[in-house]
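Take a look at the structure set out below.
The analysis underlying the following values was restricted to heavy atoms, covering all of them including side chains, and did not include hydrogens, waters or symmetry mates. By convention in this document, chain letters (A, B, ...) are assigned in the order of the sequence lines, proteins followed by strands, and residues within each chain are numbered from 1.
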Amino acid sequence: MTDISQDKSALQDDHGPDYAPGTHPSLPPPSSSVGPIHWIRVNLFSSIPNILLTILAVWVLWATIPGLLNWALFDAAFQGDSRSDCRAVAEGACWAFISSRFGQFIYGFYPVELRWRVDLAAIGLVMALVPLLFDKVPYRRFGLYFAAAYPFIAYFLLMGGLGLEPVETSKFGGFMLTMVIGVTGIAVSLPIGIVLALGRRSDMPIVRVLCVVFIEFIRGVPLITLLFVASTMLNYFLPPGTTFDLLLRVLIMVVLFASAYLAEVVRGGLQAIPKGQTEAADALGLTYWKAMRLVILPQALKISIPGIVNTFIGLFKDTTLVIIIGLLDPLGIGKAALADAKWQGLAAEVYIFIAILFFICCFGMSRYSLYLENKLHTGHKR
Amino acid sequence: MKSVKILLAAAAASSIGVSAAWAGTLDDVKAKGFVQCGVSTGVPGFSFTDDAGNWQGFDPAVCQAVAAAIFGDPSKVKYTPTTGKTRFTALRSGEIDMLARNTTWTFSRDTDLQLTFVGVNYYDGQGFMVPKELGVTSAKELDGASVCIQTGTTTELNLADYFRINNISYEPVPIETNEEARTNYEAGRCDVYTTDASGLAATRAVFADPSAHIILPEIISKEPLGPLVRQGDDQWADVVRWTLNAMINAEEYGVDSSNVDQMAQGSDNPEVNRMLGSEGDLGSMIGLDKQWAYNVIKNVGNYGEVFEAYIGSDTPIGLERGLNAQYTDGGLIYAPPMR
């Protein structure tokens, strides 16, 4: 910068140095085309409708943000043992409610002294996901082995057994339940969905018909209905006295539901691959599975990433439906907690808190899918 | 939702004959060491989780009482949160042993759904709440009012009936949950909020200024709420029924958790002596020990104590006894004698 300003002063001098052609240093752009003023003029005040919209937007922000901040932060109570405690110190949000029930929102009814096992499972999940999701991780090979073993480790940690105190799935709840259903649903439905998509495009009639029937049946029924089947109907089909874990039933239904949707997303990707690719693979003498694994699927999955992640995000949010069959996810925990006379009437705090939890997870998935698209893009991007 | 209804209808149809398979619940409960109890997923005062994550409230107290009667320990209960849609199938399929979840005792539930209501622990009824400044003193003056109402409930049907009988009109504002109703009503989007009177009182309790709202005197429906069990296991129904009756009788006879030890030594009232086991052996007649009622009163309390602890006038819910006073005080709470 100093160079330029010196050059500037040099220019103003009539007897400045002479430059050979092509060696004159670049001059700074005129001040009207750089800097914040320029940006504001071009983006906010370029035309009359734009000016009006800008004024409207500023007015909306002006009208809402101070009130929101005041409610959520400045006039909020962070400590107390009941709603009246909160009201005694502040008129705004009563975050003391969330902090006093934080454990329940996260762990549900999991015994307090055993919650470290859930924490450990969560840390394990991160350790399993990192090598799976990113390829430039040190010791990735060991990470992948760990990821393959993780489902068993998580099952053992959460359910107990083999020396750990067993915990029933009826104690699962809160955000942990959301994660269990969401992660299992996502992890199991992806491979099943791919197989179903391949099956639907298969030349073998029985396989194709089975896949079509499965996909169309599951897609034609609302998730709620499947959950009701899981929670109520199965009891009638099974002999009396056999109890088949409710969470397991729900997991199976969620996986079936998500895989049917994924199958269609993946099929969309498969259809976008030109026939020449299959023919080229055939010409090379690749078997069907090799052609799929080495040629078709890598391309098809790459272009289906936005659709796949979309399905995952939808699935993750659909887990809140389990409240209808009496499993208490964060919303259910919130409902039960709001019925406590001590804390009644704090619904806004609960819903905002849960919204933040969900937003973090869904936004994370969305960003990862963008990262993956950028990493995999091979110049076909339009 | 239509498919849901069809499925539920299919579920109901396919279950004929299931109830016969259920007997000996008491033995099962004793063998497994706990009572599996269905509760609601959250009704202020009636069923909620406390800060430690335990289910509490007027309804779970019945479960705790049954556990105390059987095991002498009110904590031997496992709760299954049930919704309005899953509660009956959960009970009939054997997933839960009893349901204590503000459920209205109706003809069809008792007969067609093959359930057995063992008694009434709360007499409720649909009422109206209006802001005081509206100047209304009777529901009959509500002509043309906008009414916040939960859709798909019996409340909706009761409301339509009531306004039709009285030949007045109203404008429904459909809402889904009690919280939603409270926010809408408080924001003035409806003039009137109608639901069960207990719900109205609980809702009013959290308003910034509860005294600015009144609950109109008209109660337009009968909603007797009580615990229920599967049909076909009379012994188990008796255990739950008489646990509830013992709590009610204990209040009538003046036995509460603080004086039950003293009363159990023997008292002037032979009814109390029979109940608490110092005379005769009522417990063995229902497959329990002599101390069963003593354990209920000692650990959970009598009916009045439970009422006051969770929903009474000293709690934020602030319900008056009203219909739920003992018959000796002009209410409907009345239990057959312990003899």
- Heavy atoms from other residues, nucleotides or ligands near CG of A:D81 exceed 12 (cutoff 6.0 Å): no
- Message: For the interface with chain A, which of B:N54, B:V39, B:D50, B:I311 has the highest count of heavy-atom pairs at distances below 4.5 Å?
- Response: B:D50
- Message: Counting only heavy atoms not in A:F78 (residues, nucleotides, ligands), do more than 12 fall under 6.0 Å from its CZ?
- Response: yes
- Message: Less than 4.5 Å to any heavy atom of chain A: does that hold for the side chain of B:T183, its backbone, both, or neither?
- Response: neither
- Query: Around A:Q79, counting heavy atoms of other residues, nucleotides and ligands shown, do more than 12 lie under 6.0 Å from its CD?
  - Reply: no
- Sorted by chain and residue number, the side-chain contact (heavy atoms from CB on, under 4.5 Å) partners of A:L61 (sequence neighbours excluded) come out as A:I65
- Query: At a heavy-atom separation under 4.5 Å, does A:Q104 approach chain B through its side chain, its backbone, both, or neither?
  - Reply: side chain
- Query: Does the side chain of B:D51 reach to within under 4.5 Å of the side chain of A:W343, using non-hydrogen atoms?
  - Reply: yes
- So what's closer than 4.5 Å to chain B heavy atoms on A:I325: side chain, backbone, both or neither? both
- Heavy-atom check, side chain of B:T49 versus side chain of A:I333, under 4.5 Å: no
- Query: Relative to chain B, which segment of A:L327 carries a heavy atom at a distance below 4.5 Å: side chain, backbone, both, or neither?
  - Reply: neither
- Query: Can you name the nearest heavy-atom pair linking B:S47 to A:A339, along with the distance?
  - Reply: O-CB, 3.4 Å
- Message: Tell me if the CD atom of A:E91 is crowded by more than 12 foreign heavy atoms within 6.0 Å.
- Response: no
- Query: Checking B:T315 against chain A: side chain, backbone, both or neither under 4.5 Å from a heavy atom?
  - Reply: neither
- Message: Quick check: under 4.5 Å, non-hydrogen atoms only, which of residues 74-82 of chain B neighbour chain A?
- Response: B:K78, B:P81
- Heavy atoms from other residues, nucleotides or ligands near NZ of A:K171 exceed 12 (cutoff 6.0 Å): no
- Side chain, backbone, both or neither: which part of A:S170 has an atom under 4.5 Å from a heavy atom of chain B? neither
- Is A:D340 close to B:Q56 at the side-chain level, that is, under 4.5 Å between some pair of heavy atoms? no
- Query: Is the count of non-hydrogen atoms from other residues, nucleotides or ligands lying under 6.0 Å from A:K317 atom NZ greater than 12?
  - Reply: no
- Most chain A-contacting option - heavy-atom pairs closer than 4.5 Å, from B:S40, B:P44, B:G42: B:P44
- Query: When heavy-atom pairs shorter than 4.5 Å are enumerated against chain A, which of B:P316, B:G57, B:G53 gives the highest number?
  - Reply: B:G53
- Query: At a heavy-atom separation under 4.5 Å, does A:R87 approach chain B through its side chain, its backbone, both, or neither?
  - Reply: neither
- B:W55 versus A:A336, closest heavy-atom pair with distance: CH2-CB, 3.6 Å
- Query: Any side-chain heavy atom of A:F228 sitting closer than 4.5 Å to one from B:T86?
  - Reply: yes
- For A:I324 and B:T83, which heavy atoms make the closest approach, and how far apart are they? O-OG1, 2.7 Å
